[in-house]
Amino acid sequence: MSNDGFLSFPQSFLWGVSTSAYQIEGAVDEDGRGLSIWDTFCRQPGKVRNGENGDVAADHYHRWQEDVHIMAELGLKAYRFSIAWPRILPSGYGAVNPKGLDFYGRLVDALLAKGIEPFPTLYHWDLPQALQDRGGWPNRDTAYYFAEYAQVIAEALGDRVTYWITHNEPFVAAVLGYFTGEHAPGVQDPVAAFQAGHHLLLSHGLAAQALRETARLRPHVGIALNLSPVYPASESEADRQAAVRFDGVLNRMFLDPLFRRQYPQDLLNLLGGLFPQPEPGDLDRIGAPLDFLGVNYYSRIVVRHDPEFPLIQAVQVQPEGAEYSQMWEIYPQGMYDLLTRIWADYRPAYVLVTENGIPVADAPDLDGRVRDERRIRYLRDHLVQVHRAMSDGVPLRGYFVWSLLDNFEWAHGYAMRFGLVYVDYATQQRIVKDSGRWYAQVVAENGVRVGE
Ligand code: IFM
């Protein structure tokens with residue numbers, strides 16, 4: 001697979017980019033879209049940097065044709081986007097909004113016409129506000145409403161879409177949404193957070209079943225988890241145990257039920273009564289075989305024991321001497337460690353890296369070009385580790401850069417730019433960054449030049 005200085009990938013490798021609805025679409029009150037929890041959250045003072053919101057974002061709802069055109073120019077093979085549940089079912093269930101379905105139908109058709117494989121994600125955090133008003137994810141009913149929504153989508157798009165992702169990062173939806181309150185709906189209640197986590201997983205199982213029963217093309221169904229290898233800050237037994245606990249909450253709380261039909265016993269012991277009791281049959285639904293696992297990797301986690309820290313008595317530390325981006329440590333080796341560990345412990349049928357990327361304070365130079373060398377280096381270094389994991393037997397079939405466009409980075413607002421394509425928010429002009437051109441070359445050559 002490799003010559004000196006060039007790492008080649010398999011012919012069918014899916015080179016893609018990822019986005020999500022609330023982060024790029026805008027048009028929040030057009031064509032019958034209902035309110036989402038992020039519309040509400042952004043309007044609460046102090047929740048999002050500078051009081052920003054996704055009302056306009058990258059205006060993708062109006063500029064989607066231009067965005068598909070850019071993807072085609074870059075030669076991309078796959079596009080992972082999310083469907084806004086409140087565009088399809090403005091109240092979360094019941095009446096379907098045909099204009100919402102039409103929007104995604106047109107997008108899928110345009111992608112297929114350009115030979116780009118669509119990868120819709122059904123849920124990327126924009127719960128219909130009407131369902132939050134009924135309790136949100138801590139309410140078990142939400143899981144069943146999600147399955148109804150999945151069925152509506154499968155009926156509409158299941159004749160054209162092969163690859164489906166049920167959820168994006170249920171850990172973030174549950175823990176930041178209902179425990180720390182940093183994300184919508186801004187609840188701070190550990191019991192609600194673990195209920196939310198379980199119901200998100202249950203809803204995954206129910207939706208996967210609905211997709212399999214309804215879609216006309218034989219679907220490949222997966223879920224995208226935010227996973228990180230967790231390392232102890234020192235050799236001490238206390239730090240080692242802290243790392244095991246952190247790993248339990250971040251990684252195994254989702255991987256174990258999905259691949260082993262059980263929650264990790266050490267986590268149940270730790271959380272005791274805070275953890276919900278699954279109902280009979282829940283774990284079988286959650287653990288029904290996945291076609292693929294989506295892995296979102298950005299950074300590693302290093303932790304030390306801290307008896308003061310609630311529940312897990314472990315806190316993340318920032319190792320000295322490491323390299324950092326605006327949000328996280330840059331640690332490419334973690335990609336290899338994570339992928340090989342997942343393969344060793346869980347044996348997924350195949351794996352897609354569904355997100356990987358870096359925020360950089362990009363700006364166009366005088367000549368209008370965006371020279372984002374740092375992003376190129378980040379992506380290249382991570383692809384080297386992806387390739388290494390493949391060479392060591394991990395069945396990887398694709399890699400998606402987060403993100404196609406600069407976009408609304410949740411509580412950070414527009415301060416973080418993750419795109420391969422720069423967005424001038426004042427004019428909505430798109431400029432393909434140097435990293436976008438570099439990635440196009442990777443796709444065209446089906447491999448990565450190293451040591452350049
Ligand atoms: O922007 C997010 C995305 O919505 C989910 N995964 C991480 C990205 C960068 O923080």
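The model shown is predicted, which means the values in this text are computed figures rather than measured ones. Remember, it's 1-based here, ligands and their atoms both numbered in the order they're listed.
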Exactly one of L122, L131, V152 should register a side-chain contact (heavy atoms from CB on, under 4.5 Å) with W85. Which one does?
L131
Heavy atom to atom 6 (N) of ligand 1, shortest distance: which of Q23, H412, E355 holds it?
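Ranked by closest heavy atom to atom 6 (N) of ligand 1, first place is E355.
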Tell me the nearest of F408, Y298, Y22 to atom 8 (C) of ligand 1, using heavy-atom distances.
Y298
Should [X] be listed as contacting ligand 1, given a heavy-atom distance under 4.0 Å as the test?
X: H124; value: yes
X: W328; value: yes
X: N407; value: no

Does any N/O atom on [X] come nearer than 3.5 Å to any N/O atom on ligand 1?
X: S20; result: no
X: W410; result: yes
X: E169; result: yes

Looking at every heavy atom in both Y297 and Y378, which two are closest together, and how far apart are they?
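Scanning both residues completely, I find the closest heavy atoms to be O-OH, 4.2 Å.
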Between D256 and R252, is the closest basic N to carboxylate O distance under 4.0 Å?
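So R252 does not pair with D256 through a salt bridge.
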Quick one: do R430 and D406 make a salt bridge, cutoff under 4.0 Å?
no
How long is the gap from OG on S203 to NE2 on H198, to the nearest 0.5 Å?
10.0 Å
Donor-acceptor contact below 3.5 Å, side chain D291 vs main chain G222:
no
Proximity of N168 to ligand 1 by residue part, where a heavy atom lies under 4.0 Å
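Contact part for N168 vs ligand 1: side chain (C-beta onward).
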Could you find the nearest protein heavy atom to atom 2 (C) of ligand 1 and give me its residue, atom name and distance?
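For this ligand atom, the closest protein heavy atom is E409 OE1, 3.6 Å.
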Run the ring-centre check on W137 versus Y123 and record whether the distance is less than 6.0 Å.
yes
